[in-house]
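First comes the structure, then the notes that go with it.
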Amino acid sequence: MTTMKKNMFPPGLVNNLQDVLSKKGANKNEQKQQKDDDSTETSTSSSSTAGNENDSSKPVVLVTNGEGVDSLGLVYLVQALVGLGLYNVNVCAPHSDKSASGHSLTVRETITVTQAEIEGATAYEVTGTTVDCVSLALSGALFSWTKPLLVISGINRGSSCGHHMFHSGVIAGAREALISGVPSLSISLNWKREESQESDFKDAVAVSLPLINAALRDIEKGVFPKSCFLSIEIPTSPKANKGFKLTKQSMWRSTPCWQAVPANRNPSAPHFMGNQQSLGLQLAQLGRDASAAGAARRGTTPRKNEEVESVGAAKSDNKAKKYFRLEFLDKEREATDDELDFKALGNGF
């Protein structure tokens, strides 16, 4: 176990992690026997509680994320938690990808909540941000409970190290829980387009579960930190990780790169205007047809100068418009301090 010199974490949590790491080097036969025992216990527990996913006797765990309710990181994590048979697992996650939404809330607009199908869990998808999801879930307006034992935000695709935490949706989900007085943690997988594959999410879940269970034990004992949440960063190859390492937040960030987009390659605005104008013409024609039909019934002809105003017509805007798209570029990470988050992550911790 590698720790910082000034370790702010309670001894209980650190001891739990040390226990996890010590088992990592145990005899393979012992590991297999332990796995078989755990599988038997889990199977018994699962079978005895089948069909009772809202068992009030079990501690409530809320899961959210930044990439949407259908993302593999969330789905595999929920499946694993449900499979343990120890928790009442609930999900409240965005309907679509809100990865870089930061700590934004939806105000002056109505959001829609729809029940989602995730076996063994009570799940909802929300047309809002990750923070909307956590705030709504903890309000008592959606679920019958108001304070779960733990909020887990993740597993998201991509690192949240350094300054990325300020615009990260997955980090914001855990932060909103902390603000609301609920213990929380976020989980991110250091996904690399050229190296990573979907099965890495399952491996990331396997890596995360011991830490999640350790945190839950400390919460029940009352020794989990109340002034912070845990941000878990999983290396690109989860199976090859070197263990847990407590780190310091770095000042690193990807380089924002705004690219100008030619107007003829940006279909959104012209397409939208075209639809509006088309709708306006259709409404205007319908109005003229209705006016003519009414006049025919009255046996008269419409006045020559009579026109029907199109309610849906969009006025043309001759102002010049420019279009841009934001991309983040990875830059060289220069640091000599092995205790920094991205440095430890890159080294396989």
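Values below: every heavy atom of this structure, side chains too, minus hydrogens, waters and symmetry copies. The structure presented is a predicted model; accordingly, all values stated were derived computationally and were not measured.
- For the atom pair NZ (Lys248) and CG (Asp341), the distance works out to 10.5 Å, reported to the nearest 0.5 Å.
- Val61 and Val151 are not part of a single hydrophobic cluster, where members link through side-chain heavy atoms under 4.5 Å apart.
- Using a 4.5 Å cut-off on side-chain heavy atoms (C-beta onward), Leu138 and Pro148 make contact.
- Residues passing the side chain to side chain contact (heavy atoms under 4.5 Å, CB included) test with Val207, sequence neighbours excluded: Pro238, Asn241.
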Distance-only criterion, 3.5 Å: show the donor-acceptor pairs between side-chain atoms of residues 62-71 and protein atoms not counting sequence neighbours.
from  : atom 1 : to     : atom 2 : distance (Å)
Thr64 : OG1    : Cys92  : O      : 2.8
Asn65 : OD1    : Gly68  : N      : 3.2
Asn65 : ND2    : Gly68  : O      : 3.1
Asn65 : ND2    : Ser71  : OG     : 2.6
Glu67 : OE1    : Arg157 : N      : 3.4
Glu67 : OE2    : Arg157 : N      : 2.8
Ser71 : OG     : Gly68  : O      : 2.9

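- The CG atom of Leu230 sits 8.5 Å away from the OG atom of Ser186 when rounded to the nearest 0.5 Å.
- For Glu117, the side chain to side chain contact (heavy atoms under 4.5 Å, CB included) criterion is met by no residue, not counting sequence neighbours.
- Counting heavy atoms from C-beta on, the side chains of Leu216 and Tyr87 come closer than 4.5 Å.
- Taken together through direct or relayed side-chain contacts under 4.5 Å among Ile, Leu, Val, Met, Phe, Trp and Tyr, Ile232 and Val134 form parts of separate hydrophobic clusters.
- Annotation for Ala206 and Pro210: closest pair O-CD, 3.2 Å, computed over non-hydrogen atoms.
- Pairing each heavy atom of Pro59 with each of Glu220, the nearest pair is CG-OE2, 4.3 Å.
- Connection of Val131 to Ile179 is not established within any shared hydrophobic cluster, with ILVMFWY side chains joined at heavy-atom distances below 4.5 Å, either directly or through further cluster members.
- Thr247 is not listed as a side-chain neighbour of Glu339, based on a closest heavy-atom distance of 4.5 Å or more.
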Got a list of side-chain donor-acceptor pairs under 3.5 Å for residues 101-111, not counting sequence neighbours?
from   : atom 1 : to     : atom 2 : distance (Å)
Ser101 : OG     : Lys98  : O      : 2.8
His103 : ND1    : Arg175 : NH1    : 3.0
His103 : NE2    : Glu176 : OE1    : 2.7
Ser104 : OG     : Ser101 : O      : 2.8
Thr106 : OG1    : Asp132 : OD2    : 2.5

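- Counting all heavy atoms, side chain and backbone alike, Gly173 lies closest to Ser153 at CA-OG, 4.0 Å.
- Residues satisfying the side chain to side chain contact (heavy atoms under 4.5 Å, CB included) test with Ala80, not counting sequence neighbours, are Val205, Leu209.
- With hydrogens and angles disregarded, no donor-acceptor distance shorter than 3.5 Å links the side chain of Ser237 to the backbone of Lys239.
- Remark: Ser184 engages no residue in a side chain to side chain donor-acceptor pair (under 3.5 Å) (not counting sequence neighbours).
- Residue pairs meeting the ring pair (Phe, Tyr, Trp, His ring centres under 6.0 Å) criterion with at least one member in residues 111-138, sequence neighbours excluded: Tyr124-Phe143.
- A heavy-atom distance below 4.5 Å is not found between the side chains of Asn156 and Ile187.
- Counting heavy atoms from C-beta on, the side chains of Phe229 and Phe224 never come closer than 4.5 Å.
- Looking only at side-chain heavy atoms (C-beta outward), Leu77 and Ile212 come within less than 4.5 Å of each other.
- A distance of 5.5 Å separates CD1 in Ile152 from CG in Leu185, rounded to the nearest 0.5 Å.
- Residues passing the side chain to side chain contact (heavy atoms under 4.5 Å, CB included) test with Ser168, sequence neighbours excluded: Ser160, Val170, Ile171.
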Would Val126 and His95 count as a side-chain contact (heavy atoms from CB on, under 4.5 Å) if you check the C-alpha gap in whole Å, the side-chain angles of each, and the deciding distance to 0.1 Å?
CA-CA 5 Å; Val126 179; His95 168 74; over 6 Å; no

Would you check, one step at a time, whether the test side-chain contact (heavy atoms from CB on, under 4.5 Å) holds for Val60 with Asn90?
CA-CA 7 Å; Val60 174; Asn90 296 257; 3.6 Å; yes

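- The side-chain heavy atoms of Val113 and Leu142, taken from C-beta on, include a pair separated by under 4.5 Å.
- Note on Leu84 and Val82: same hydrophobic cluster, where clusters join Ile, Leu, Val, Met, Phe, Trp and Tyr whose side-chain heavy atoms are under 4.5 Å apart, directly or indirectly.
- Between the OG1 atom in Thr236 and the CG atom in Leu189 there is a gap of 7.0 Å [rounded to 0.5 Å].
- Counting heavy atoms from C-beta on, the side chains of Leu150 and Ile219 come closer than 4.5 Å.
- Evaluation of the side chain to side chain donor-acceptor pair (under 3.5 Å) test over residues 197-212, restricted to residues two or more places apart or in two chains, returns none.
- Side-chain heavy atoms closer than 4.5 Å link hydrophobic residues (I, L, V, M, F, W, Y) into clusters, and following such links, possibly through other members, connects Ile155 to Leu211.
- Residues satisfying the side chain to side chain donor-acceptor pair (under 3.5 Å) test with Ser196, not counting sequence neighbours, are none.
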